[in-house]
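For this chain, numbers begin at 1 and follow the sequence in order.
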Amino acid sequence: MLDADFFRRWMTATAVSVDREAERLTALDSPIGDADHGSNLQRGFTAVAAALEKEAPDTPGAVLTLAGRQLISTVGGASGPLYGTLLRRTGKALGDAAEVSEEQLTHALRTGVEAVMQLGGAAPGDKTMIDALVPAVDALGESFAAARAAAEEGALATTPLQARKGRASYLGERSIGHQDPGATSSALLLAALAEAADE
């Protein structure tokens with residue numbers, strides 16, 4: 001079973017990973033976005049880590065809800081509302097339980113991903129974070145490692161696609177040949193989840 005401590009480790013591992021990869025995320029965002037994806041997420045997850053240290057919520061749902069709230073209030077652009085919605089809706093779906101099963105997490109995360117799809121109007125194949133999140137949730141039933149691999153594969157698979165949603169869609173065919181930064185940061189989130197499970 002997964003407790004609040006596990007979810008705090010997940011968010012902290014994500015903050016460390018985003019901090020480390022911020023420049024790469026911004027470099028990916030440069031040709032097809034506003035060149036601020038890395039710095040925006042870095043600011044957001046730094047705030048998440050600080051808030052969790054200060055408040056230490058005692059249920060899995062509360063950890064994710066707090067993280068989502070922090071992202072919405074500190075991250076500019078589209079990524080704040082999208083990541084914030086993902087974590088808040090996942091947290092809400094987990095409810096008030098002190099511990100949750102991997103199956104419950106899978107179900108809750110799927111609810112979160114569906115909320116992001118609704119908010120952004122994106123579907124798989126549109127070259128967005130959804131291209132990493134959907135296969136990851138599908139693979140989560142198997143294992144955390146499988147989810148991480150599926151997210152990374154999904155992110156890489158966005159390179160040949162033409163963007164149909166988000167800022168990159170304004171570029172039309174010029175968006176082809178660039179890996180999507182949102183899918184890449186989503187893969188970091190799933191890699192951090194697998195990392196938290198290994199600890």
(message) Under the side chain to side chain donor-acceptor pair (under 3.5 Å) definition, can you give me all pairs with a residue in residues 135-161, not counting sequence neighbours?
(response)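 Residue pairs with at least one partner in residues 135-161: Arg110-Asp138.
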
Would you mind listing every ring pair (Phe, Tyr, Trp, His ring centres under 6.0 Å) that reaches into [range], with sequence neighbours excluded?
{"range": "residues 167-199", "answer": "none"}
{"range": "residues 12-42", "answer": "none"}
{"range": "residues 106-161", "answer": "Phe6-Phe144"}

Return the set of residues passing side chain to side chain donor-acceptor pair (under 3.5 Å) with [X] (not counting sequence neighbours), or none when no residue passes.
{"X": "Ser101", "answer": "Gln104"}
{"X": "Arg8", "answer": "none"}
{"X": "Glu114", "answer": "none"}
{"X": "Ser186", "answer": "Tyr83"}

Tell me whether [X] shares a hydrophobic cluster with [Y], the cluster being built from Ile, Leu, Val, Met, Phe, Trp, Tyr side chains joined at under 4.5 Å.
{"X": "Leu161", "Y": "Ile32", "result": "no"}
{"X": "Val16", "Y": "Leu52", "result": "no"}
{"X": "Ile72", "Y": "Leu64", "result": "no"}
{"X": "Leu190", "Y": "Leu28", "result": "no"}
{"X": "Leu119", "Y": "Leu189", "result": "yes"}

Partner residues of [X] under the salt bridge (charged side-chain N to carboxylate O under 4.0 Å, His left out) criterion, sequence neighbours left out:
{"X": "Asp36", "answer": "none"}
{"X": "Arg167", "answer": "Asp34"}
{"X": "Arg20", "answer": "none"}
{"X": "Glu21", "answer": "Arg24"}

(request) Take Val63 and Met11, measure what side-chain contact (heavy atoms from CB on, under 4.5 Å) needs, and give me the verdict at the end. (result) CA-CA 8 Å; Val63 171; Met11 291 298 105; 4.2 Å; yes

For [X] and [Y], work out which heavy atoms get closest and say how close.
{"X": "Asp29", "Y": "Ala35", "answer": "OD2-N, 3.1 Å"}
{"X": "Gly44", "Y": "Val75", "answer": "CA-CG2, 3.4 Å"}
{"X": "Ala163", "Y": "Ser175", "answer": "N-OG, 2.9 Å"}
{"X": "Ala62", "Y": "Pro57", "answer": "CB-CB, 3.6 Å"}
{"X": "Ala139", "Y": "Ala150", "answer": "CB-CB, 3.9 Å"}
{"X": "Leu25", "Y": "Ser185", "answer": "CD2-N, 3.8 Å"}

As an exercise, state the distance from [atom1] of [X] to [atom2] of [Y], rounded to the nearest 0.5 Å.
{"X": "Thr14", "Y": "Asp19", "atom1": "OG1", "atom2": "CG", "answer": "12.0 Å"}
{"X": "Leu66", "Y": "Glu55", "atom1": "CG", "atom2": "CD", "answer": "5.0 Å"}
{"X": "Leu171", "Y": "Ile176", "atom1": "CG", "atom2": "CD1", "answer": "10.5 Å"}
{"X": "Leu71", "Y": "Leu41", "atom1": "CG", "atom2": "CG", "answer": "7.5 Å"}

Please check this pair: side chain of [X] against backbone of [Y], looking for a donor-acceptor N/O pair closer than 3.5 Å.
{"X": "Thr26", "Y": "Glu23", "result": "no"}
{"X": "Thr85", "Y": "Leu82", "result": "no"}
{"X": "Ser17", "Y": "Ala13", "result": "no"}
{"X": "Arg9", "Y": "Ala196", "result": "yes"}
{"X": "Arg88", "Y": "Arg69", "result": "no"}

(message) Pair Ile130, Val116 - check side-chain contact (heavy atoms from CB on, under 4.5 Å), show working.
(response) CA-CA 8 Å; Ile130 295 302; Val116 171; 3.9 Å; yes

(message) Show, in sequence, the C-alpha distance, side-chain angles and deciding distance for Arg164 and Asp126, and conclude whether the salt bridge (Lys or Arg N to Asp or Glu O under 4.0 Å) test is met.
(response) CA-CA 5 Å; Arg164 291 199 291 254; Asp126 284 345; 2.8 Å; yes

(request) Go through the steps to decide whether Leu193 and Leu105 satisfy the test side-chain contact (heavy atoms from CB on, under 4.5 Å), and finish with yes or no. (result) CA-CA 11 Å; Leu193 176 63; Leu105 172 57; 4.1 Å; yes

(request) Report the C-alpha separation of Lys127 and Asp131 in whole Å, then their side-chain angles, then the decisive distance to 0.1 Å, and conclude whether the salt bridge (Lys or Arg N to Asp or Glu O under 4.0 Å) test is met. (result) CA-CA 6 Å; Lys127 198 184 182 96; Asp131 290 309; over 6 Å; no

(request) Determine, step by step, whether Trp10 and Leu2 satisfy the side-chain contact (heavy atoms from CB on, under 4.5 Å) criterion, reporting the C-alpha distance in whole Å, the side-chain angles of both residues, the deciding distance to 0.1 Å, and the verdict. (result) CA-CA 11 Å; Trp10 177 20; Leu2 313 169; over 6 Å; no

(request) Determine whether Leu94 and Phe7 make a side-chain contact, defined as any pair of heavy atoms from C-beta on separated by less than 4.5 Å. (result)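 Yes - at least one pair of side-chain heavy atoms lies under 4.5 Å apart.
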
(message) Heavy-atom count check: over 12 atoms from other residues, nucleotides or ligands less than 6.0 Å from Asp96 CG?
(response)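 Atom CG in Asp96 is not packed in, count stays at 12 or less.
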
(message) Within the 3.5 Å criterion, strictly below it, is a donor on Gln179 or Thr184 matched to an acceptor on the partner's side chain?
(response) yes

